[in-house]
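The structure under discussion appears below in the form of structure tokens.
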2 protein chains.
Amino acid sequence: MATIVDVAKRAGVSLSTASDILNGKLKGTAATAGRVRQAVLDLGYRPNLLARRLRTPKSGAIGLVVPFRRPIFSSAVIADYLAGIQAEQERADLNLVLASRRYEKPGEIYGADLFESRSVDGLIVIATRESYGRDVDTDVRGLRALGCPLVWMHFFEGREPVDRVTRAGADAWHEVLEHLAERGHKRVGALTVGIGLKAGGRPNVAHYAKRFESFGMCTKPEWLGAGEAFDGGAFGAAMEILRRPADERPTALVCEGDELAVAALQAALGMSIKVPGELALASVTNTSIGATAAVPITTHGAPGSMLGRMALKRLAELIEDPAQPPREVAVPGQLLVRAST
Amino acid sequence: MATIVDVAKRAGVSLSTASDILNGKLKGTAATAGRVRQAVLDLGYRPNLLARRLRTPKSGAIGLVVPFRRPIFSSAVIADYLAGIQAEQERADLNLVLASRRYEKPGEIYGADLFESRSVDGLIVIATRESYGRDVDTDVRGLRALGCPLVWMHFFEGREPVDRVTRAGADAWHEVLEHLAERGHKRVGALTVGIGLKAGGRPNVAHYAKRFESFGMCTKPEWLGAGEAFDGGAFGAAMEILRRPADERPTALVCEGDELAVAALQAALGMSIKVPGELALASVTNTSIGATAAVPITTHGAPGSMLGRMALKRLAELIEDPAQPPREVAVPGQLLVRAST
DNA sequence: TTGCGAAACCGAAACGTTTCGGCTATTATC
DNA sequence: GATAATAGCCGAAACGTTTCGGTTTCGCAA
């Protein structure tokens, strides 16, 4: 394969001139510049990124750590993040290196191997429920000690300050409930996987109840264990709720994410319950699948792809200037009223 | 960060000795070897892979091309492949570089940029429906011209010979139908996305019908446009089928993949149709989600993760010895009878 | 014509490895 | 105890870039 030396030789210039011209450091005579560019075309020269990166300290790639046990990419939320990251990556001309391992050997730190071997300039960690129980503070400290730029996404249960991209989420429940209250709903159910409002993986039932009461609603929240939601559990839970007699059954259901809402939608349609006529459905976490459901789901918040973009942008900043103090980027959300309410 | 020079200096040996010892090319005296290893620990030395790969012609990474428009990772099939690829990658100690772009600029070849810049040693292309209509032969030829080791997965509509990993799939329909015939089913429906049996994206209805007839079954296949399946379309189609009066409704439903079968399952459960009592369900493409459904789905074929593993293994072979003629690795499948029939 | 600043161009060094050929010390063989 | 074979160790070159510092050339004003 052609190297820059071949190009230079063919163009009749020195190696450094060729390099400078190709990198725009030197304009050069119209004649020389032309010869160099022509030589590139003739020889089909493509710079060897390995060599380039060896010289310039950046690797031009970022690592994506998605600790997983099940095939985690099948989650709509993660897929949305990924879509955003990829879109931004294409713009920024960075490579994306997957490090979706389990990192469960003792002492192993999320993605540290990639950074230490200079394969990547920084990391995006998308911590899923799989990392529950893990002492993520150790990861954060370990990576900081290495000087590894890091942006954390999704669940974080540590105490260490760390750069994160989150949804400005505390208001989602509020705004969705408000919306349902305006529509006159009094009996409202909740379908959640039992995380998000309180650390530890269990829903704070009292907390839910209080929020609902403040809108004059009564509720009976239903939740699923972590993971169940993906295995048809959400569908079953929705069926359970909807099988109640019509005057006990909620007139609206707030779900933690669009995936749950879609499951509930399918349960309702299967039981010939009209949406939104007999059952309104809303989700508090916007996901791409909500928009394309049989009845598009009212939801809240910025799309996950936006969060992905922000994460990559922030990481690029950190790589540029690693000395910045950790900062949480909260992407503001808003209510997206769709057909399901 | 410490380099191998620092290690050598600290251990009091020459650079090349340190390198040889660390790479096992040289055993060395117990004393020297010990000093070198200790120096590595003391300094926290990690080899700079960029430099290593510059010297040795391998990059130690493979590229994963998943042309996508929608967030494609949310497909259970792709997620399964990925899981297998990752499992194998972890074993083989290769990096995985994502190139999930659209590659839709004219003349752009799947993943060629990655290979030309020596970022990867080879490519796995997972062509989804998104690449329909693309002239994939150009991609195959282009990559071959570059000398890029290549393994193709999933849909392939080209003529060029190419290394592929496929399911030994033609028999899946046969075996599943046979199984249902043994169970005494006469009225069997089919739910498919309309590809696989014939190029061009349309199902060959006559072909289906003939197969069914050979088992003494009558059928009325139902199909969905590409993409619809993911947007709740499968669920709707299943509902449509199941709403027919009980003596017209099929007693069994064969679905193209577990995802469709799960959608049908949910539709059935919602309509209080017992599975498998009143409706048997089977899929002809094994996917991880079928096993964990509310009623585990009878399915056929090797799991997608196995295909992923095979693809990576084959690619590793090709990287080792690129001169091999293209070969199709067909992973044999078998019927997996589960609760749904 | 002279002087001067800017631009063009070049050679060499550097990035951190691996590897090749050669030298020396050690061990094995007779 | 002499010689051959082996293992230990080393210096230098190489991988393909970018970049630094320098020299030459050019164009323009005085």
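Naming convention: chains lettered A, B, ... in sequence-line order (proteins, then strands); numbering from 1 in each chain.
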Donor-acceptor side-chain pairing of Ser59(A) and Asp121(A) below 3.5 angstrom: yes
Whole angstroms only, please: what is the [atom1]-[atom2] distance between [X] and [N]?
{"X": "Ile21(A)", "N": "dA7(C)", "atom1": "CD1", "atom2": "C1'", "result": "12 Å"}
{"X": "Arg52(A)", "N": "dT19(D)", "atom1": "CZ", "atom2": "C1'", "result": "13 Å"}
{"X": "Leu50(B)", "N": "dT17(D)", "atom1": "CG", "atom2": "C1'", "result": "11 Å"}
{"X": "Asp20(A)", "N": "dC20(D)", "atom1": "CG", "atom2": "C1'", "result": "10 Å"}
{"X": "Leu15(A)", "N": "dA8(C)", "atom1": "CG", "atom2": "C1'", "result": "16 Å"}
{"X": "Asn48(B)", "N": "dC15(D)", "atom1": "CG", "atom2": "P", "result": "18 Å"}
{"X": "Leu22(B)", "N": "dC9(D)", "atom1": "CG", "atom2": "C1'", "result": "14 Å"}
{"X": "Ile4(A)", "N": "dC10(C)", "atom1": "CD1", "atom2": "C1'", "result": "14 Å"}

Distance-only donor-acceptor test (3.5 Å): side chain Arg55(A), base dT17(D): no
Salt bridge (Lys or Arg N to Asp or Glu O under 4.0 Å) partner of Asp163(A), the single match among Arg144(A), Arg314(A), Arg327(A): Arg314(A)
From C-beta outward on [X], which listed nucleotide comes closest to its side chain: [options]?
{"X": "Ser19(A)", "options": "dC9(C), dT19(D), dT17(C)", "result": "dT19(D)"}
{"X": "Thr17(B)", "options": "dC10(D), dT17(C), dT18(D)", "result": "dC10(D)"}
{"X": "Ser16(A)", "options": "dT17(D), dT17(C), dT19(D)", "result": "dT19(D)"}
{"X": "Lys27(B)", "options": "dT19(D), dT17(D), dG8(D)", "result": "dG8(D)"}
{"X": "Thr29(A)", "options": "dG16(D), dC9(C), dG8(D)", "result": "dC9(C)"}
{"X": "Ser14(B)", "options": "dA8(C), dC10(D), dT18(C)", "result": "dC10(D)"}

Toward the 5' end of DNA chain C, by each residue's nearest nucleotide, Lys25(B) or Leu54(B): Leu54(B)
Position toward the 5' end of DNA chain D (nearest nucleotide), Leu26(B) or Met1(A): Leu26(B)
Val5(A) or Thr32(B), whichever maps to the more 5' nucleotide of DNA chain D: Thr32(B)
Touch class at under 4.0 angstrom, heavy-atom based, for Pro47(B) against every strand present: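 The answer is sugar-phosphate, as Pro47(B) gets under 4.0 Å only of primed atoms, P, OP1 or OP2.
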Arg134(B) to Tyr110(B), cation-pi by 6.0 Å centre distance and 45° axis angle: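 Yes, Arg134(B) lies over the aromatic ring of Tyr110(B).
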Any side-chain heavy-atom pair of Leu82(B) and Leu64(B) under 4.5 Å: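 Of all side-chain heavy-atom pairs linking Leu64(B) with Leu82(B), at least one is under 4.5 Å.
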Check: Leu50(A) main-chain N/O paired with Asn48(A) side-chain donor or acceptor under 3.5 Å: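 Pair found, side chain donor or acceptor close to backbone of Leu50(A).
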